[in-house]
Structures are given as C-alpha cells and as structure tokens.
Q: 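Attaching a single structure in structure tokens format; questions to follow.
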There are 2 protein chains.
Amino acid sequence: MNTKELLKSKNIKPTIQRIKIYEYLKTHKTHPDAETIYADLIKELPTLSLSTVYNTLKEFANNGLILEVFAEHKTYFDGYNQPHNHYICDICGKVYDINIEFNFLKKKKISGHLIKKFCGIFRGICSECQKKREQK
Amino acid sequence: MNTKELLKSKNIKPTIQRIKIYEYLKTHKTHPDAETIYADLIKELPTLSLSTVYNTLKEFANNGLILEVFAEHKTYFDGYNQPHNHYICDICGKVYDINIEFNFLKKKKISGHLIKKFCGIFRGICSECQKKREQK
DNA sequence: GTCTTTGCAAATGATTTGCACGTCG
DNA sequence: CGACGTGCAAATCATTTGCAAAGAC
C-alpha cells in the first residue's frame, strides 16, 4: 500500500504535506524532531509551515502511524510504529532504537491498570561517544 | 539520617527551602509537579518562589536524591529514588509507581551503549477510572 | 566581607491555537 | 459554493536565567 492509500485508510486526507512528512519519517531512521523535519522538507515544499508539521505529526501519532518519543522537554518522532524502546545519548543526543522482549507488554493490565502504551527511554553514553572518549 | 545531614552529605547546603521541598517529596507519594509543590509549600514559606522550587528539584535530581518522571510536556517528581517505573492514567492524570523486575537493568550496557538511567512510562486507563466507567 | 542562595521578573523554547486565505471536489 | 487544510503570527505553558538583594559562615 502506498502512502496515499494508507492515509486514506486512516481517514486522513492525503495532502502533499502529509504524504511528504509521512515518507520522510519512513525513510529517516534518525528520530527527528518537528523542527528538523520542517527544515528538511521546506526544500521540497517552500510554503510549508512549522505548525502544519506539528499538527500532522500529532495526527499521525493519534492514529498509530508513528511513535512519539518524549524526552526531556523535546519530542522526537519515529516512523517505525511497532512497540519498542529507545536509548538517548547524554553526550551527542542521538536516539537509538532498542528492541527488547518485554514480557509484561503481553499483559493487558499491570496492577489493575489497563496498558495502552509503554514508552521506555534509556539514558547514558552511547557506544560511539564511548569510543571517542577512549581515543583522547 | 535526617534531611539536614542527608543534604550536607551530598554537598548541598541545607536551607529551609531545600529541607521543606525534600521532605515534601518524601511524605507525598503523589508525584507532584513543581507548581503543586510550590502551591503547597508557600503556606509554610510565604516568600518561596517558583524558580527556587524548580532549581532545587533539578539539583536533587542531579544528585540522585529524587527521580524525575518526564511525561508529555510535564515533569513530575518522585521522592522514592530507587529505580522503578511509572503508570500515568490518560483519564485522571494520576501517576502510579510500578515495580517490575527488569533484568536488563542489571546489565551495564545495552547494544554497546552504557546504561545510566532508565525511565519507563506506561499509559492507559487506571483501575480507579475503569471502575468509574463501569458504574455508568 | 565574601560566597551562596533566594526571589522576582524577564527570557526562552517547544508546541498549540486563531483565523484569514487558498484549494479542491 | 462549501468543507477542509494550510500558513502565518500570536498565544501558551513549562521551565530557565539574569540579576539585585538577603542571608550564612
């Protein structure tokens, strides 16, 4: 299914902005923030506005098309929408995907509370930044 | 060890503001935000300012005295500083402590990245709000 | 007296909203 | 033409910062 059909199937009108934003996330595995997506896409869509990017991303997230990664005071977006976790480096700020088997996510409830979503964020120094430190 | 001695041991001067904020978090299991702590403590400390609350909480978190719970656009503070996870209700917004055994947290690294912290947040409808819905 | 902390107000940064305009069926 | 989407600017909200005054040792 192409992007246009996919959006239609979610009752989202496939405008050029929405298609480009969606495809941007699918082809960039870098977990960009709204600002970055905007800065890149404006090259193709010169009249694009930042609020359209924000609104579109929120719409996609509400429809389960993408994941939001809430970090300290910033939100990153992930086109890979299967449940998984993230690692954010305290030095370079890069966001990595982490796939671990979480048995508790197979449960529907935890302590009586209904589980709809789980967002796990690791923090520390990533392997790249560790290497850089060793070289010094 | 009382609060005064504890703060001293972390090289934090035990001022009345700091002592009261720390003790507030230790006695309130409700995961308040900075605003709530401020609103409650100003009754005892009429000259307290919101920025002092923010600065103090940040200082405590950096020293491992408390935990920060980063939710969508808001930060909650938790006086219980042992690693654990949280559940936030989408309906009432209440924050619950979740204690699960995370085997991977015993590891020092994940995919080569050094683990310093892990913050896991569940989302959904809490048991209280489920009951309220059933009653309707 | 010097060094630290506080409290206020102003600044910041991410995100959202209001609204007029444009678009497309 | 009528509904929906876009883009701009202004608004908002949580949090941080600059700085003068107050307090501690």
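Keep in mind that what you see is a predicted model, and the values were worked out from it rather than measured. Chain letters run A, B, ... following the sequence lines, proteins first, then strands; residues in each count from 1.
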Q: Residues in side-chain contact (heavy atoms from CB on, under 4.5 Å) with Thr56(A), at least two apart?
A: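 Thr56(A): side-chain contact (heavy atoms from CB on, under 4.5 Å) contacts with Arg18(A), Ile21(A), Thr52(A), Phe60(A).
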Q: Would you write out the dot-bracket form of DNA chain D, 5' to 3', with Watson-Crick and G-U pairs under 3.5 Å, [ ] for crossing pairs, | for pairs to other strands and . for unpaired bases?
A: |||||||||||||||||||||||||
Q: Roughly, in whole Å, what's the span from CD1 in Ile16(A) to P in dG7(D)?
A: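 So the two atoms are 11 Å apart, to the nearest Å.
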Q: With sugar-phosphate meaning primed atoms plus P, OP1 and OP2, does Glu35(B) contact a base, only sugar-phosphate, or nothing at under 4.0 Å between heavy atoms?
A: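 No contact at all - Glu35(B) keeps every heavy atom at 4.0 Å or more from the nucleic acid.
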Q: Would you indicate whether the side-chain heavy atoms of Asp97(A) and His31(A) approach each other to under 4.5 Å?
A: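 His31(A) reaches Asp97(A) side chain to side chain.
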Q: Decide, yes or no, whether a salt bridge links Glu72(A) with Lys58(B) under the criterion of side-chain N to carboxylate O below 4.0 Å.
A: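 A salt bridge is present here (some side-chain N lies under 4.0 Å from a carboxylate O).
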Q: How many Å lie between CD1 on Ile12(B) and P on dT6(C), as a whole number?
A: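 After rounding, the reported distance stands at 11 Å.
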Q: It should be established whether Lys13(A) places a side-chain nitrogen or oxygen under 4.0 Å from OP1 or OP2 of nucleotide dG5(D).
A: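 No, because none of the side-chain N or O atoms of Lys13(A) sits under 4.0 Å from OP1 or OP2 of dG5(D).
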Q: Expressed as a whole number of angstroms, how long is the span from Leu50(A):CG to dA9(D):P?
A: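 Checked: the CG to P distance equals 12 Å.
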Q: Report which part of the nucleic acid Asp33(B) touches: base, sugar-phosphate, or nothing (heavy-atom distance under 4.0 Å, all strands).
A: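 The residue Asp33(B) makes no contact with any strand.
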Q: Report the distance from atom CG of Asn55(B) to atom C1' of dA9(C), rounded to the nearest whole Å.
A: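 The answer, rounded to whole Å, is 14 Å.
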Q: Select from His73(B) and Ser49(B) the residue whose nearest nucleotide in DNA chain C is closer to the 5' end of that strand.
A: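 Result of the comparison: Ser49(B).
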Q: Which nucleotide, dC8(C), dA14(D), dT6(D), lies nearest any side-chain atom of Thr52(A)?
A: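 From the listed options, dT6(D) comes nearest.
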Q: Determine whether any donor atom in the side chain of Thr15(A) lies under 3.5 Å from an acceptor atom in the base of dC4(D), or the reverse, and answer yes or no.
A: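 Checked by distance alone, the answer is no.
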Q: Compute the centroid of each ring, for Phe122(A) and then for His86(A), and state whether the two points are separated by less than 6.0 Å.
A: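 Judged by ring-centre distance (under 6.0 Å), Phe122(A) and His86(A) do not meet the cut-off.
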Q: I want to verify a distance call: between dT17(D), dT6(C), dG7(D), whose nearest atom is closest to the Ser51(B) side chain?
A: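 Per side-chain heavy atoms of Ser51(B), the pick is dT17(D).
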Q: Are OP1 or OP2 of dT15(D) and a side-chain N or O of Tyr54(B) less than 4.0 angstrom apart?
A: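 Result: yes.
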Q: Looking at dG7(C), I'd like to know if its phosphate oxygens (OP1 or OP2) sit under 4.0 Å from a side-chain N or O belonging to Thr47(B).
A: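 So the side chain of Thr47(B) is within the cut-off, an N or O lying under 4.0 Å from OP1 or OP2 of dG7(C).
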Q: For the pair Tyr80(A) and His84(A), name the ring-plane relationship: parallel under 30°, tilted 30 to 60°, perpendicular over 60°.
A: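 The rings of Tyr80(A) and His84(A) sit tilted, inter-plane angle from 30° to 60°.
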Q: Under the salt bridge (charged side-chain N to carboxylate O under 4.0 Å, His left out) rule, collect the residues that match up with Lys13(A), sequence neighbours excluded.
A: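 Per chain and number, Lys13(A) pairs via salt bridge (charged side-chain N to carboxylate O under 4.0 Å, His left out) with no residue.
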Q: Quick one: closest heavy-atom pair of Pro32(B) and Tyr24(B), and the distance?
A: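 In terms of heavy atoms, the two residues are closest at CG-CE2, 3.8 Å.
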Q: Between Asn11(B) (CG) and dT5(C) (P), how many Å, whole number?
A: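 In whole Å, dT5(C) P lies 11 Å from Asn11(B) CG.
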Q: Would you kindly give the NZ-to-P distance between Lys8(A) and dG25(C), to the nearest whole Å?
A: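 Rounded to the whole Å, the gap is 10 Å.
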Q: Please tell me which of Pro46(A) and Glu59(A) maps to the more 5' nucleotide of DNA chain D, matching each residue to the nucleotide holding its nearest heavy atom.
A: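 The answer here is Glu59(A).
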Q: Is Lys58(A) near enough to dT16(C) that one of its side-chain N or O atoms lies under 4.0 angstrom from OP1 or OP2?
A: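 Yes, such a contact exists.
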Q: With a sphere of 6.0 Å drawn around NZ of Lys29(A), does it hold more than 12 non-hydrogen atoms of other residues, nucleotides or ligands?
A: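 Yes, the 6.0 Å shell around NZ holds more than 12 heavy atoms from other groups.
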Q: State which of dT15(C), dT15(D), dT6(D) makes the closest approach to the side chain of Thr75(A).
A: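 Of dT15(C), dT15(D), dT6(D), dT15(C) is nearest to the side chain of Thr75(A).
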Q: Nearest whole Å is fine: how far is dT16(C) C1' from Asn62(A) CG?
A: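 Interatomic distance, CG of Asn62(A) to C1' of dT16(C): 14 Å.
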Q: Rounding to a whole Å, what distance do you find between Leu57(A):CG and dA14(C):P?
A: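 Roughly 15 Å, once rounded to whole Å.
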